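The block underneath contains the structure these notes are about, expressed in structure tokens.
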Amino acid sequence: MQRFASASRVFTLARRSYATPPSPSALVLIEHKDDKIVPASLNAITAARKLGGTVTGLVVGEEASTKAVVEGAQKLGLDALLHRTSPALAHALAEPLAPVLAALVKSGNYTHLAAAHSAQGKNIFPRVAGILGVQQISDVMAIESPDTFVRPIYAGNAIATVKSSDSIKIFTVRSASWDAAVSGEEQAAWVSEELTKSERPDLGSAQAVVSGGRGVKSKESFDSIIFPLADALGAAVGASRAAVDSGYADNSQQVGQTGKVVAPSLYVAVGISGALQHLAGMKDSKTIVAINKDPDAPIFQVADHGLVADLFEAVPELTKKVEEAKK
Ligand SMILES: Cc1cc2nc3c(=O)[nH]c(=O)nc-3n(C[C@H](O)[C@H](O)[C@H](O)COP(=O)(O)OP(=O)(O)OC[C@H]3O[C@@H](n4cnc5c(N)ncnc54)[C@H](O)[C@@H]3O)c2cc1C
């Protein structure tokens with residue numbers, strides 16, 4: 001049996017003293033994993049603030065696993081924070097969560113419902129839109145006004161500006177297009193050694209990404225060639241779909257149209273041809289470096305720095321040089 005109502009709690013923070021919230025009034029689903037807020041949700045909060053009205057955060061899940069998340073979310077300067085707990089919501093499955101979200105949006109008179117354009121957002125939000133009988137707006141890059149949104153189409157080759165006449169706007173946010181919402185306390189905590197010690201940065205929010213493609217040829221060489229360069233650069237590890245399909249890398253590492261969209265300061269593409277669907281996920285990176293033995297590979301058309309070379313020689317050499325330069 002689901003115990004949504006009895007387990008529901010509401011925290012009201014800061015400036016919320018209205019009987020009826022002013023329009024626009026946005027509800028943002030705060031995604032979490034391993035007791036932490038998923039970084040892409042912080043970008044979604046920034047996007048919701050752009051609407052110009054109130055922003056309410058929503059944390060759902062099991063009581064125990066959401067405690068730290070709620071504490072983190074309370075520091076984000078939201079107008080209000082809803083915390084809904086139920087064992088049924090433990091894994092954020094779309095089936096139990098979508099009706100809860102739809103009911104919350106209606107009962108709270110929210111004008112907007114936002115989340116990251118993550119696997120979770122993409123899974124849950126179309127279902128909420130279906131329940132509410134409105135259209136979903138996916139992968140929002142910019143907001144021109146509370147009803148006008150900018151989003152990519154045709155794998156990022158065209159940018160569409162769409163105006164929604166729905167009473168409730170449901171949208172997912174492209175994290176690479178928005179800054180993360182931060183709290184002062186979190187900025188101070190960011191320097192902690194825990195973060196720099198061992199774990200690689202999160203692909204979606206990393207400042208540098210090293211990605212390997214089919215040219216890397218095996219999982220063994222992916223591990224022994226791509227990971228050391230990423231570690232030397234303090235970078236996250238990405239992959240092309242061909243590398244993922246061949247089992248060299250995990251699904252969660254795929255960059256591209258059907259993977260993650262990233263825009264780090266540095267993107268290093270190793271043994272990746274540069275297919276349109278891959279470019280859709282990384283072409284907004286500030287500096288793109290490509291290493292490929294084929295001088296005609298399309299990746300060189302978007303690369304700021306290109307090296308025509310055998311990756312099996314060039315990448316270990318580059319890794320060594322980066323390590324030496326750090327000394
Ligand atoms: C609907 C749809 C969605 C898709 N979504 C995605 C997506 O999200 N992300 C994605 O990446 N792809 C996606 N694809 C697949 C995409 O079209 C390409 O097939 C894929 O990106 C190719 O991956 P790749 O560059 O690693 O492999 P390849 O195209 O095979 O390129 C391998 C490259 O490695 C180079 N190389 C080989 N050996 C060496 C060596 N020793 N040294 C240096 N270079 C070497 C080759 O010159 C070549 O350029 C999608 C396709 C479709 C149809």
Side-chain angles (χ1 to χ4, degrees), residues 40 116-123 126 138-139 141 151-158 172 174-177 202-206 208-230 233 235-264 266-285 288-322:
H117 190 67
S118 60
Q120 205 178 94
K122 286 188 262 185
N123 184 29
S138 293
D139 214 6
M141 301 168 73
R151 60 176 301 266
I153 54 172
Y154 305 129
N157 283 302
T172 56
R174 172 173 284 220
S175 45
S177 302
D202 171 68
L203 182 58
S205 55
V209 173
V210 177
S211 285
R214 197 186 335 244
V216 180
K217 296 206 167 56
S218 69
K219 172 151 174 42
E220 289 68 37
S221 41
F222 200 96
D223 291 349
S224 64
I225 289 181
I226 301 298
F227 280 94
L229 178 59
L233 292 167
V237 174
S240 72
R241 177 155 155 184
V244 170
D245 288 350
S246 307
Y248 310 165
D250 187 73
N251 209 21
S252 62
Q253 291 173 303
Q254 185 177 314
V255 172
Q257 186 186 341
T258 41
K260 295 207 166 97
V261 176
V262 300
L266 173 67
Y267 189 88
V268 186
V270 179
I272 291 178
S273 59
L276 202 65
Q277 295 89 352
H278 187 78
L279 301 184
M282 44 63 77
K283 67 177 162 44
D284 290 334
S285 305
I288 298 172
V289 175
I291 301 172
N292 196 306
K293 68 177 183 187
D294 174 8
D296 297 324
I299 191 77
F300 288 124
Q301 289 167 20
V302 296
D304 300 286
H305 305 284
L307 180 64
V308 179
D310 186 332
L311 69 92
F312 294 96
E313 288 164 19
V315 176
E317 201 181 324
L318 178 62
T319 306
K320 216 167 119 205
K321 290 243 158 69
V322 174

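Owing to the predicted nature of the structure, the values given are computational and were not obtained by experimental measurement. Counting convention: from 1, in listed order, for ligands and their atoms alike. Numbering of residues begins at 1 and proceeds along the displayed sequence.
Of the candidates G215, A297, P298, G271, the one placing a heavy atom closest to atom 37 (C) of ligand 1 is G215. When the options H278, K260, Q277 are ranked by their closest heavy atom to atom 11 (O) of ligand 1, first place goes to H278. Here atom 47 (O) of ligand 1 lies nearest to N292 when heavy atoms of D310, V216, V315, N292 are compared. Between the choices M282, R214, K217, the shortest heavy-atom distance to atom 38 (N) of ligand 1 belongs to K217.
If you check which protein heavy atom lies closest to atom 22 (C) of ligand 1, you get A242 CB, 3.9 Å. Nearest to atom 18 (C) of ligand 1 among the protein's heavy atoms is A275 CB, 3.6 Å. Of all protein heavy atoms, the one lying nearest to atom 7 (C) of ligand 1 is Q254 NE2, 3.2 Å. Counting protein heavy atoms only, atom 42 (N) of ligand 1 is closest to L311 N, 2.8 Å. Counting protein heavy atoms only, atom 44 (N) of ligand 1 is closest to K293 N, 3.1 Å. Nearest protein heavy-atom contact of atom 1 (C) of ligand 1 is R241 NH1, 4.3 Å.
Exactly one of L266, V209, T319 qualifies for a side-chain contact (heavy atoms from CB on, under 4.5 Å) with L233. That residue is L266. Of the listed residues (H278, Q277, R241), just one forms a side-chain contact (heavy atoms from CB on, under 4.5 Å) with T258, and that residue is R241.
Atoms of ligand 1 lying under 4.0 Å from any heavy atom of G256, numbered from 1 in the order shown and given with element: 7 (C), 8 (O), 9 (N). Interface atoms of ligand 1 facing Q257, defined by a heavy-atom separation under 4.0 Å, are 7 (C), 8 (O). Atoms of ligand 1 found under 4.0 Å from any heavy atom of V255, numbered from 1 in the order shown, are 7 (C), 8 (O), 9 (N), 10 (C), 11 (O). Taking every non-hydrogen atom of G259 and a distance limit under 4.0 Å, the qualifying atoms of ligand 1 come out as 8 (O). Near A309, meaning under 4.0 Å from any of its heavy atoms, are these atoms of ligand 1: 42 (N), 43 (C). Counting the atoms of ligand 1 from 1 in the order shown, those under 4.0 Å from a heavy atom of S240 are 11 (O), 23 (O), 24 (P), 26 (O). Listed by number with element, the atoms of ligand 1 under 4.0 angstrom from any heavy atom of T258 are 3 (C), 4 (C), 5 (N), 6 (C), 7 (C), 8 (O). Less than 4.0 angstrom separates some heavy atom of G213 from each of these atoms of ligand 1: 26 (O).
Residue A239 has no N or O atom closer than 3.5 Å to an N or O atom of ligand 1. In terms of polar-atom proximity, F312 is not counted as a contact of ligand 1, lacking any N or O under 3.5 Å from an N or O of the ligand.
At a heavy-atom cutoff of 4.0 Å, ligand 1 is contacted by no atom of A314, backbone or side chain. Of all the heavy atoms of S273, the ones lying under 4.0 Å from any atom of ligand 1 are found in both the backbone and the side chain.
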